[in-house]
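Because the structure is predicted, anything quoted here is derived from the model rather than measured. Just so it is clear, the values below take in all heavy atoms, side chains as well, and ignore hydrogens, waters and symmetry mates. Every chain is numbered from 1 and lettered A, B, ... according to where its sequence line falls, protein lines coming before strand lines.
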2 protein chains.
Amino acid sequence: MYQQALLDTHERIKPFIHRTPVMTSQQLNEISGADIYFKCENFQRMGAFKMRGGANAVLNLTEAQKAKGVVTHSSGNFAQAVALSAKEVGIPAYIVMPSNSPAVKVAAVKGYGGQVTLCPPTLKDRMEYANRIVEEKGATLLHPFNQIEVVLGQGTAAIELLEEQPDLNILMAPVGGGGLSGGTALAAHYFGKNCITIGAEPFEVDDAWRSLQSGKIETNETINTIADGLRTTLGTVTFPILQEYLDSIIRVTEEEIVHAMRLIYERMKIIIEPSCAVPFAAVLREKEKFAGKKIGIILSGGNVDLGALPF
Amino acid sequence: MYQQALLDTHERIKPFIHRTPVMTSQQLNEISGADIYFKCENFQRMGAFKMRGGANAVLNLTEAQKAKGVVTHSSGNFAQAVALSAKEVGIPAYIVMPSNSPAVKVAAVKGYGGQVTLCPPTLKDRMEYANRIVEEKGATLLHPFNQIEVVLGQGTAAIELLEEQPDLNILMAPVGGGGLSGGTALAAHYFGKNCITIGAEPFEVDDAWRSLQSGKIETNETINTIADGLRTTLGTVTFPILQEYLDSIIRVTEEEIVHAMRLIYERMKIIIEPSCAVPFAAVLREKEKFAGKKIGIILSGGNVDLGALPF
């Protein structure tokens with residue numbers, strides 16, 4: 001049911017995104033024993049795959065909605081993605097950010113033309129502030145992952161990867177709120193040739209792994225992971241998609257994440273966020289499962305604090 | 001006189017090197033006011049442009065020479081380039097490395113099949129050890145830059161960049177021993193359209209800048225620069241090439257190098273050696289000179305100690 005929607009989404013957002021390169025590393029193939037194709041969304045506009053879903057959410061609005069602008073609450077990549085997408089189509093973007101957001105992130109959102117409102121750093125406050133803007137301005141609230149337009153947008157990275165490598169056996173993505181992993185699983189289902197999708201998640205925030213076990217959306221009691229992009233829990237839109245289209249989730253330790261991240265930095269000479277390293281860490285953890293397989297991994301983004309690298 | 005030699009070199013080494021990508025950054029173009037094309041030799045095999053010159057030097061040997069192997073003394077990228085090139089053609093590589101070389105570099109050379117001999121960490125000892133191997137084994141000594149085969153090999157990065165962007169106004173490379181800058185200047189001369197080559201060098205090791213002023217090879221009294229690849233002085237082969245084919249050299253401060261390096265890390269999401277950042281630092285230092293120009297910059301390599309980044 002999403003096949004045509006994915007293709008339409010890809011056509012719609014193409015003028016607003018980069019077609020990112022696919023990279024390989026002979027050394028990482030030797031280390032892992034697999035044949036890995038990395039889709040480099042760290043080279044995407046604003047530095048992450050979130051640009052795809054953000055652009056699609058903005059472009060799907062009616063003209064009447066566009067005129068009144070969009071609002072979201074985010075301290076991270078989705079804030080930048082919405083601000084930049086709104087700027088591209090010439091509409092206002094109201095971004096609610098927690099008051100403890102790093103100044104550099106606030107500056108980045110403002111640099112893309114976003115109108116920033118700072119709020120106390122609780123989810124309750126974020127939502128209240130955002131809802132107030134919806135009421136006052138009539139702007140449309142965009143969700144960073146729990147919205148089908150966003151899921152479809154994130155799936156376009158896998159579409160491009162499958163266009164270049166049609167015979168992948170396995171696609172892999174990190175699992176946060178389920179936007180990227182859900183979109184990737186849909187793309188693999190409709191456009192792969194018997195290609196399954198495997199998610200990867202830190203043990204420290206294994207809510208999605210537990211959700212698939214229990215059949216209901218689970219939460220995390222603590223979020224002690226370096227993979228800061230994966231601390232969120234699944235949503236009502238993304239969870240059923242993962243249940244239907246995701247093969248499984250592999251969990252990894254913090255040490256495995258840092259080790260995989262360092263290998264990618266050292267051998268591929270590219271900068272990625274810790275969250276991106278989680279699927280490659282999963283390949284290294286379960287080598288026998290992936291031996292000789294042709295694998296596509298979505299490297300989700302590259303916005304890191306260079307002063308706080310774990311090595 | 002080098003036009004055909006450059007083309008022959010490129011054909012000869014093609015099976016042994018990666019054709020590295022050319023990257024652009026809208027943000028860095030906005031910051032600099034120029035239109036910059038980065039040739040990413042940080043993605044080259046063994047992580048640096050040295051693979052080009054190393055491969056060419058090895059491939060130019062006679063069969064009799066090849067049978068006895070090659071020797072070089074180096075603590076850095078050229079050691080790895082020679083070891084890997086020799087491995088590819090199936091001949092012995094004897095690598096003399098100073099005893100204070102980082103263990104990771106020794107391991108990398110051994111990983112490429114190089115036979116490592118450690119020596120006391122002085123240039124005199126390095127040369128004596130290397131010469132002894134020449135005498136004992138009959139192996140051929142390869143020089144990291146002061147050898148025309150090496151210069152021609154390094155020039156092939158610029159050939160590839162000009163194939164993709166034929167109308168560059170300016171090519172830029174950092175100046176160390178003159179291998180990369182000399183090869184780049186030759187390529188611009190023979191294959192560019194009125195394309196000049198500008199070198200870039202730290203003030204702290206501005207021997208090449210002074211050599212062009214004085215007309216003789218100058219040395220450095222101190223080598224206090226983060227750009228460790230540029231601490232060497234010119235050689236008798238490279239100096240005349242720079243005199244004839246290089247337009248000029250721009251010098252930059254250590255602060256300017258670190259600033260340019262950080263911009264490339266943050267905006268382009270790629271890992272480069274400090275030496276690579278020197279040409280971009282020169283563009284930022286003399287913005288008015290480069291405004292609106294179409295510029296090609298050779299990013300020379302990406303082998304850094306991630307634990308010792310300057311930010």
Side-chain angles (χ1 to χ4, degrees), chain A residues 16-28 30-31 38-49 51 77 80 84 87-88 102 104-105 107-108 111-112 258-259 261-273 276-277 299-311, chain B residues 16-28 30-31 38-49 51 77 80 84 87-88 102 104-105 107-108 111-112 258-259 261-273 276-277 299-311:
Chain A
F16 301 95
I17 60 170
H18 288 325
R19 184 171 182 119
T20 53
V22 175
M23 294 183 78
T24 60
S25 165
Q26 198 177 323
Q27 290 186 319
L28 295 189
E30 283 168 14
I31 290 168
F38 293 95
K39 176 70 170 168
C40 292
E41 289 295 296
N42 54 329
F43 297 146
Q44 186 53 265
R45 292 185 73 187
M46 47 67 53
F49 73 96
M51 186 63 195
N77 287 330
Q80 292 185 48
L84 180 54
K87 181 187 174 194
E88 294 274 334
V104 62
K105 296 211 170 186
Y112 291 130
V258 172
H259 176 66
M261 183 176 169
R262 182 165 193 145
L263 279 175
I264 290 173
Y265 273 58
E266 286 185 345
R267 310 304 167 101
M268 295 183 67
K269 317 294 183 191
I270 60 175
I271 290 171
I272 58 165
E273 296 172 353
C276 303
L299 291 179
S300 45
N303 292 335
V304 290
D305 178 355
L306 290 172
L309 294 177
F311 34 73
Chain B
F16 302 93
I17 61 168
H18 288 327
R19 183 169 182 121
T20 53
V22 175
M23 295 183 77
T24 59
S25 165
Q26 198 177 324
Q27 290 186 319
L28 295 188
E30 283 167 15
I31 289 168
F38 293 95
K39 176 68 170 169
C40 293
E41 289 295 295
N42 54 328
F43 297 147
Q44 187 51 266
R45 293 186 72 189
M46 48 67 52
F49 73 95
M51 186 63 194
N77 287 330
Q80 292 185 48
L84 180 54
K87 181 186 175 196
E88 294 275 334
V104 62
K105 296 212 168 185
Y112 290 130
V258 172
H259 175 66
M261 182 175 169
R262 182 163 194 146
L263 279 175
I264 290 173
Y265 273 58
E266 286 185 345
R267 309 303 168 101
M268 295 183 67
K269 316 295 184 192
I270 60 175
I271 291 171
I272 58 165
E273 297 171 352
C276 304
L299 291 179
S300 45
N303 292 335
V304 290
D305 178 355
L306 290 173
L309 294 178
F311 34 73

Original post:
Do the non-hydrogen side-chain atoms of B:Arg45 and B:Glu88 ever get within less than 4.5 Å of each other?
Top reply: yes
Subject >> Polar side-chain atom of B:Lys269 near backbone of A:Asn42 as donor-acceptor pair, under 3.5 Å >> reply: no
Subject >> Segment of B:Leu306 engaging chain A (4.5 angstrom heavy-atom cut-off) >> reply: both
**OP:** Please examine the side chains of B:Asn303 and B:Glu273, heavy atoms only from C-beta on, and report whether any two atoms are closer than 4.5 Å.
**Re:** yes
Original post:
Can you name the residues of residues 19-27 of chain B that have some heavy atom under 4.5 Å away from a heavy atom in chain A?
Top reply: B:Met23, B:Gln27
Subject >> Nearest non-hydrogen partners of B:Ala48 and B:Asn77, listed with the distance >> reply: CB-ND2, 3.5 Å
Subject >> Full working for side chain to side chain contact (heavy atoms under 4.5 Å, CB included) between A:Ile270 and A:Phe38 >> reply: CA-CA 11 Å; A:Ile270 60 175; A:Phe38 293 95; 5.9 Å; no
Original post:
With sequence neighbours excluded, what pairs up with A:Tyr265 under the ring pair (Phe, Tyr, Trp, His ring centres under 6.0 Å) test?
Top reply: A:Phe311
